[in-house]
Protein chains: 2
Amino acid sequence: MDSGRFCLVLILSCLISGVVSQSILQILPENRISGDRKTLLRDDDIFCDSWRFSIETNDAGIWYNIPARCVKFVQNYMLGERYASDSDQVAEDSLTFANTIEITGDGKDAWIFDIDETLLSNLPYYEIHGFGSEVFDEKTFDEWVDLAEAPALPASLKLYNELQRLGFKLILLTGRAEFQRSATEKNLLLAGYGNWEKLILRGASDIGKTAEMYKSEKRKEEEEEGGYRIHGNSGDQWSDLLGFAMATRSFKLPNPMYYIP
Amino acid sequence: MDSGRFCLVLILSCLISGVVSQSILQILPENRISGDRKTLLRDDDIFCDSWRFSIETNDAGIWYNIPARCVKFVQNYMLGERYASDSDQVAEDSLTFANTIEITGDGKDAWIFDIDETLLSNLPYYEIHGFGSEVFDEKTFDEWVDLAEAPALPASLKLYNELQRLGFKLILLTGRAEFQRSATEKNLLLAGYGNWEKLILRGASDIGKTAEMYKSEKRKEEEEEGGYRIHGNSGDQWSDLLGFAMATRSFKLPNPMYYIP
């Protein structure tokens with residue numbers, strides 16, 4: 001595209017965004033509509049970007065909902081290039097680290113992967129459920145899981161295959177429950193994942209535990225009973241990564257849609 | 001600004017950015033100049049935003065330099081509204097947590113603050129030293145420290161005062177060396193900080209330790225010998241926050257300029 005055409009597109013998108021911003025402003029509370037409309041929207045963008053910084057660094061701690069003014073921001077982030085780009089960068093960081101590990105050949109060099117929003121993307125579900133802004137509905141989400149149609153997160157699929165090629169044993173550790181095992185296996189295979197070492201789901205005795213406790217306990221078991229050396233751990237939630245029996249390096253994937261303690 | 005004027009500004013900035021992008025492109029290596037120039041610059045923005053995600057979440061691990069294509073991005077981030085906004089958000093998260101702590105009144109409820117890029121901003125120094133893109137020069141930085149002219153990070157000054165009002169004892173734990181004590185105290189006072197409980201600098205026995213080790217050891221001392229309960233810890237480096245004797249909650253402030261192990 002040459003400069004002239006680019007400018008034309010800018011002007012058009014400016015006019016379109018004028019219309020969109022007007023309709024967004026109509027649903028804002030009265031007291032927020034003060035001063036300059038453009039400033040208001042730019043402020044939202046900066047506010048939401050800072051909110052994202054705060055949740056992704058875990059500064060926010062527990063959070064329950066996307067701030068109302070950031071739903072559109074999260075939608076744009078998830079559907080635009082930034083989510084894919086951030087995921088690519090995390091995968092690249094992970095692989096850089098993985099390449100520094102000497103694989104011993106005893107089959108005990110392990111890497112842990114979470115599933116939802118890590119190996120598999122539930123974006124098709126969240127797209128029709130407000131990108132996490134709606135109250136989580138277990139029933140419809142379980143129905144979605146049963147469909148086994150979640151696509152792979154492309155960056156993670158590539159990393160998964162690379163790690164296998166390097167000789168890592170891949171342990172999948174998910175908050176999904178045992179009754180979802182077959183749907184989960186089916187979905188993973190359809191999405192292109194294969195040859196995992198283990199797939200660990202929440203059993204009866206894990207119900208009611210926080211994800212951080214459940215996952216820490218399982219990592220500890222794999223280390224102590226399985227004899228695995230957990231070099232890396234990839235997850236979109238801090239509760240996938242923190243606690244005890246932590247991996248040598250933990251990799252936080254982006255997820256501004258929801259928080260699991 | 002009305003829509004029409006906003007569009008005019010957009011068109012003008014479009015034309016100006018055309019000129020700027022051309023001069024930036026001239027210093028890019030040949031193989032990067034492929035396809036659409038605008039796409040290239042938008043790609044830089046997305047790339048740099050993902051790079052920032054990766055360093056701020058600690059996914060990147062050790063890093064030495066801002067990627068060459070992100071120097072301008074870091075400059076815009078630091079000098080624009082985003083750095084201030086992100087810092088405000090972290091301070092707000094910190095205060096939300098602080099308000100949940102019951103202060104016992106025995107004077108042992110503590111909060112730790114790092115100094116550089118946490119309480120004090122060295123932005124005036126880094127502005128004339130490439131925003132961290134230049135190799136760190138101890139000599140000129142020490143001269144800058146001696147001037148004692150670093151301004152407060154506004155969000156941190158506000159948080160500092162609020163925490164004191166709540167009854168926290170504030171322990172300042174910095175990578176600066178003992179010989180910089182008086183310049184540091186002078187600077188802190190000039191910037192508006194006062195009544196800290198302790199100011200801990202690197203002593204002779206701390207030289208050569210990583211920041212993470214040095215700071216972990218000092219936190220442990222404060223807990224075991226000082227009897228403090230370290231509720232919160234604020235720092236711009238992961239090495240301010242991780243290791244052992246970690247605070248109940250750690251708060252990562254933004255810093256895309258440099259990394260300290």
Side-chain angles (χ1 to χ4, degrees), chain A residues 1-15 17-19 21-22 36-39 42-43 45-61 63 80-94 96-97 100 234 238 249-254, chain B residues 1-15 17-19 21-22 35-39 42-43 45-47 49-61 63 80-94 96-97 100 234 238 249-254:
Chain A
M1 205 188 293
D2 61 36
S3 272
R5 260 202 264 171
F6 180 76
C7 279
L8 190 65
V9 170
L10 251 194
I11 297 161
L12 281 172
S13 49
C14 160
L15 292 171
S17 83
V19 174
S21 68
Q22 212 154 15
D36 180 342
R37 284 177 174 194
K38 297 295 170 190
T39 305
R42 195 199 53 200
D43 284 355
D45 194 49
I46 289 174
F47 171 85
C48 297
D49 215 41
S50 293
W51 169 77
R52 196 167 76 87
F53 177 90
S54 146
I55 59 150
E56 294 294 15
T57 54
N58 209 19
D59 281 343
W63 58 276
E81 292 167 271
R82 292 187 187 262
Y83 178 54
S85 170
D86 287 358
S87 308
D88 283 344
Q89 183 61 50
V90 182
E92 201 179 304
D93 292 337
S94 311
T96 300
F97 166 68
T100 67
S234 303
W238 284 101
R249 283 279 299 276
S250 297
F251 295 93
K252 170 70 176 76
L253 278 81
Chain B
M1 207 189 290
D2 61 36
S3 272
R5 262 203 264 169
F6 181 74
C7 279
L8 190 66
V9 171
L10 251 193
I11 298 161
L12 282 173
S13 49
C14 161
L15 293 171
S17 83
V19 175
S21 68
Q22 212 154 16
D36 180 343
R37 285 179 173 194
K38 297 294 169 187
T39 305
R42 196 199 49 201
D43 283 356
D45 194 50
I46 290 174
F47 171 85
D49 215 41
S50 293
W51 170 77
R52 196 168 75 87
F53 177 91
S54 145
I55 58 150
E56 294 293 16
T57 55
N58 209 19
D59 281 343
W63 59 275
E81 293 168 90
R82 291 187 187 264
Y83 178 55
S85 170
D86 288 358
S87 308
D88 283 343
Q89 183 62 50
V90 182
E92 200 179 306
D93 292 337
S94 311
T96 300
F97 166 67
T100 68
S234 303
W238 283 100
R249 284 279 299 278
S250 296
F251 296 92
K252 169 72 176 77
L253 278 80

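So you know, we letter chains A, B, ... as the sequences are listed, proteins then strands, and number each from 1.
- In this structure, chain B has a heavy atom under 4.5 Å from the side chain of A/F53, while its backbone stays farther away.
- In this structure, A/R82 contributes its side chain and B/D49 its backbone to no donor-acceptor pair below 3.5 Å.
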Derivation of the side chain to side chain donor-acceptor pair (under 3.5 Å) call for A/S54 and B/D93: CA-CA 8 Å; A/S54 146; B/D93 292 337; 2.7 Å; yes

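- Note: A/F251 leads A/F251, A/F97, A/W238, A/W51 in heavy-atom pairs under 4.5 Å with chain B.
- The closest donor-acceptor contact from the side chain of B/D59 to the backbone of A/K252 lies under 3.5 Å.
- In this structure, chain B has a heavy atom under 4.5 Å from the backbone of A/S250, while its side chain stays farther away.
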Chi angles and distances behind the side-chain contact (heavy atoms from CB on, under 4.5 Å) call for B/R52, B/D86: CA-CA 13 Å; B/R52 196 168 75 87; B/D86 288 358; 3.3 Å; yes

